2 protein chains.
Amino acid sequence: MSENGAMPASDAAEQPEQPWNRRRLRSTNERLLLDRLRTGGAASRAQLARETGLSKPTVSSALAALEEAGLVHEVGTQAPERGRVAVLYAPDPAAGYALGIDIGRSWLRVAVADLDGAVVARADVRNRARTSGAMADLVVSTARQVVANSGVGAHEVAHAVVGTPGVYDEKQRRVRYAMHLPGWGRAGLFDRMREELGIPLEVHNDANLAALGEYTYGVGAGSRLFAYIMIGTGLGMGVVSEGRLFTGAHGGAGEIGFLPWPGRHKPGTLEDAVSGEAVVEAARHFGMTGQLTAKAVFDAAREGHGPAVEAVRLEGERIAHTVAVATAVLDPDLVVLGGGVGHSVDLLLRPVRETLRALTPLRPRIAPGRLGEDAVLLGAVATALGTARDVVFERRSAS
Amino acid sequence: MSENGAMPASDAAEQPEQPWNRRRLRSTNERLLLDRLRTGGAASRAQLARETGLSKPTVSSALAALEEAGLVHEVGTQAPERGRVAVLYAPDPAAGYALGIDIGRSWLRVAVADLDGAVVARADVRNRARTSGAMADLVVSTARQVVANSGVGAHEVAHAVVGTPGVYDEKQRRVRYAMHLPGWGRAGLFDRMREELGIPLEVHNDANLAALGEYTYGVGAGSRLFAYIMIGTGLGMGVVSEGRLFTGAHGGAGEIGFLPWPGRHKPGTLEDAVSGEAVVEAARHFGMTGQLTAKAVFDAAREGHGPAVEAVRLEGERIAHTVAVATAVLDPDLVVLGGGVGHSVDLLLRPVRETLRALTPLRPRIAPGRLGEDAVLLGAVATALGTARDVVFERRSAS
DNA sequence: GACGTGCTTAGTAAGGCTCCTTAACTTTAT
DNA sequence: ATAAAGTTAAGGAGCCTTACTAAGCACGTC
């Protein structure tokens, strides 16, 4: 999870294996209770004891410690069929906050969420920055603004995650393969943001985060192996396996833009053949004229304009090829299409499914994303939340 | 790991989350010590205490319990630069055994290994069975024979793993996609073997096991993400991520035989284009005549025979395509070529590398397998060992 | 050269502390 | 009266710390 990210300086994940002494035992049981409350909803002490296998006194004392630390609180009572009413406990969502940032080519999105994952403040800013430096400044100022709007103290934001095109190289401290953002490959850009924000900041690939977003909040929930194909300015894929991001050896897994594609004239990459620009080019090839954008082509296709329909069909075929490849290699139970063309995925689904039928006997479920343009942002929030929960839990007794 | 396999009836992996009571604490620390001894070699009590962070008395008592259970034993002494000599302990390899079985189209291989992974008995039997029933009988009788030869009691064999082409479907209790073994898709075949052998038995895909074999004993050691491409009668890929098998949603990950392949005449699958038969066909196409086998073509190419060289070059190009696809999707740091053509991989490496250079900017390390025909068998042994170690450890105090 | 002394490291013993469990008890509902 | 939630009290398992013994080497002294 963290391999792509920069950890705060205080991170101690390097020490080999902590021994399981008593202190850790208690801490693990508190964690067990907290996780149970998070995933299973509010519960009483007696209920927790039954479900976790711990004894009632242990649950009582651990819960007291958690309440003392501000991690859980009473949320009401529940009367059983007979007997004394039960006091229900639930995690306190205000025990900490997480920051998610989506840096896209044309939009910058920032959101603050509480530990329950509820977004408490958010901003969507048009990205007009011309230089990577201006861009970094915009990120920092927007993030500060959103945190201020949320009414949350900056020190209560336990963790932040940034999504960006390309792959963040931890050692070189820079992003690689971010073709569509000029200057974005400069070293130290994110160190600067981290420093100015004063919040631990992790950097991840946008397609990966979008995949996690759809997995956590969207259509991918519960999937065992789930592939998210992001089609837009570029082409990317994020893979979630057993609930965890699949990153490959160097964080480059899912960089399907590099798939070889047998171009009609010269061999190229799949990205050239599938990205938004390729749709425009195909439309031209079929006879459309004028100032075209991918969106314009899709809109025309929706109206039934012949050349546009043809271009979309061709795009569908190419995406089907991508899906076929991903399916044979990964065996997903769900493939989700999203990204910049998200609003037009409905047009693509049929040609994709039809082509796929002719290509391969393997046929995973294919669905459009449910989060639309928010997938990356929500994925960043979800990822930041994971770490934020850990951080908040870890420092519960340190104060 | 076990998702493809059938667990013994006593398996209790279903219960949600054991609480971390004291008993489990002790058990975890014993496990910590045992793992340390397994991976780090023999060590004294004091050394273990330093390395694990446990106190010396705790190490002493845990080690005493392990010795009592027969899991570790003294293996000698070591004099430090100054001071009293240390008594060294190591895991007792004879505390249990594992059984590995490789069911191939033409060979059946069986091996028994001790907990250190050392093979103590082995048999390689030509597979002449005509029916799947006869095949199952042969597996059982050979396995019994090998266990008998090893001098190990049958009840000391804690776990067995079988490798077979195809994907084992846990629910239907049968193998799917095993085209090259007639009748092999029958339901209940492996249940019968398990019953007759009286040993818990897991079934896995052969390419997956070969990947684990090369990872554990061969060229893949230490790789973060490692892909093993098995080229032979069929075409398969096994993926090892962070030391664990990557299986996909239904155990079908790496079934790259199903990759669409733009055939000259009709669209087909990659398996048709790359498998042994395709090499023969290509050689014919280039002008070779006679009763050809894949091996014959490779041998001729080694002698410099023109048409054979061409056929091998073509095969190399197609494999390069496979590698390019796997690389873009998975981002491996190592791709290993093996399988039936293992003896001729040296001939393929150059064309593969050259073609790859033209296809994609991503270039993982490519290497031939080190285990040759034994990859599947050793992978089965390695996998069985993993479970066997757990089983032996779990039942240490049950006696 | 024999031997005592001191230093160093391995391992054990005793005592205390933490935290879990069991069992009994209190509280509050039907 | 019964039943369920939750607390209190007693007991015990297992870890840690401290202090000790055991066993080797170095070296100086006789």
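Since the model is a prediction, treat every value here as computed from it, not as a measurement. Letters A, B, ... mirror the listed sequences (proteins, then strands); counts begin at 1.
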In whole angstrom, what separates B:Q78's CD from C:dG11's P?
-> 10 Å

Contact class for B:V87 (heavy atom, under 4.0 Å): base, sugar-phosphate, or nothing?
-> sugar-phosphate

Considering just the side-chain nitrogens and oxygens of B:R82, establish if one lies under 4.0 Å of OP1 or OP2 belonging to D:dA23.
-> no

Can you check the B:L54 CG to C:dG11 P distance for me, whole Å?
-> 15 Å

Is B:N29 near enough to D:dC15 that one of its side-chain N or O atoms lies under 4.0 angstrom from OP1 or OP2?
-> yes

What nucleic acid atoms does A:S44 come within less than 4.0 Å of, heavy atoms only: base, sugar-phosphate, or nothing?
-> sugar-phosphate

Looking at A:L115 and A:Y97, what are the two nearest heavy atoms and their distance?
-> CD2-N, 4.5 Å

Check every atom of D:dC15, D:dA5, C:dA10 against the side chain of B:L25 and return the nucleotide holding the closest atom.
-> D:dC15

Using heavy atoms to find the nearest nucleotide of DNA chain D for B:S55 and A:V85 separately, return the residue whose nucleotide is more 5′.
-> A:V85

Short side-chain N/O contact from A:T58 to OP1 or OP2 of C:dT21, under 4.0 Å | yes

Gap separating the CZ atom of B:R45 from the CG atom of B:L63, nearest 0.5 angstrom | 6.0 Å

Is any side-chain nitrogen or oxygen of A:R84 closer than 4.0 Å to OP1 or OP2 of C:dT26?
-> no

Please determine which of B:E30, B:R396, B:R389 meets the side chain to side chain contact (heavy atoms under 4.5 Å, CB included) test together with B:L71.
-> B:R396

Please work out if A:E81 contacts a base, only the sugar-phosphate, or nothing of the nucleic acid, heavy-atom cut-off 4.0 Å.
-> sugar-phosphate

Looking across every strand, which nucleic acid part, if any, lies under 4.0 Å from A:A46 by heavy atom: base, sugar-phosphate, or nothing?
-> sugar-phosphate

To the nearest angstrom, how far is A:L88 atom CG from D:dA4 atom P?
-> 17 Å

Closest heavy-atom contact between B:V147 and B:A154?
-> CG1-CA, 4.2 Å

Where do B:A249 and A:L225 come nearest, in terms of heavy atoms and distance?
-> N-CB, 3.8 Å

Taking for each residue the nucleotide of DNA chain D bearing the nearest heavy atom, is the 5' side occupied by A:P57 or by A:P80?
-> A:P80

In whole angstrom, what separates A:K56's NZ from C:dC25's C1'?
-> 10 Å

Spacing between B:R26 atom CZ and D:dC16 atom C1', to the nearest angstrom = 13 Å

Verify the contact: side-chain N or O of B:S61 to OP1 or OP2 of D:dG14, cut-off strictly under 4.0 Å; return yes or no.
-> no

Determine: side-chain N/O of A:R24 to OP1/OP2 of D:dC15, distance under 4.0 Å, yes or no.
-> no

Quick one: is C:dT12 close enough that its OP1 or OP2 comes under 4.0 Å of any side-chain N or O from B:S60?
-> yes

Any side-chain N or O of B:R45 less than 4.0 Å from the OP1 or OP2 oxygen of C:dT12?
-> yes

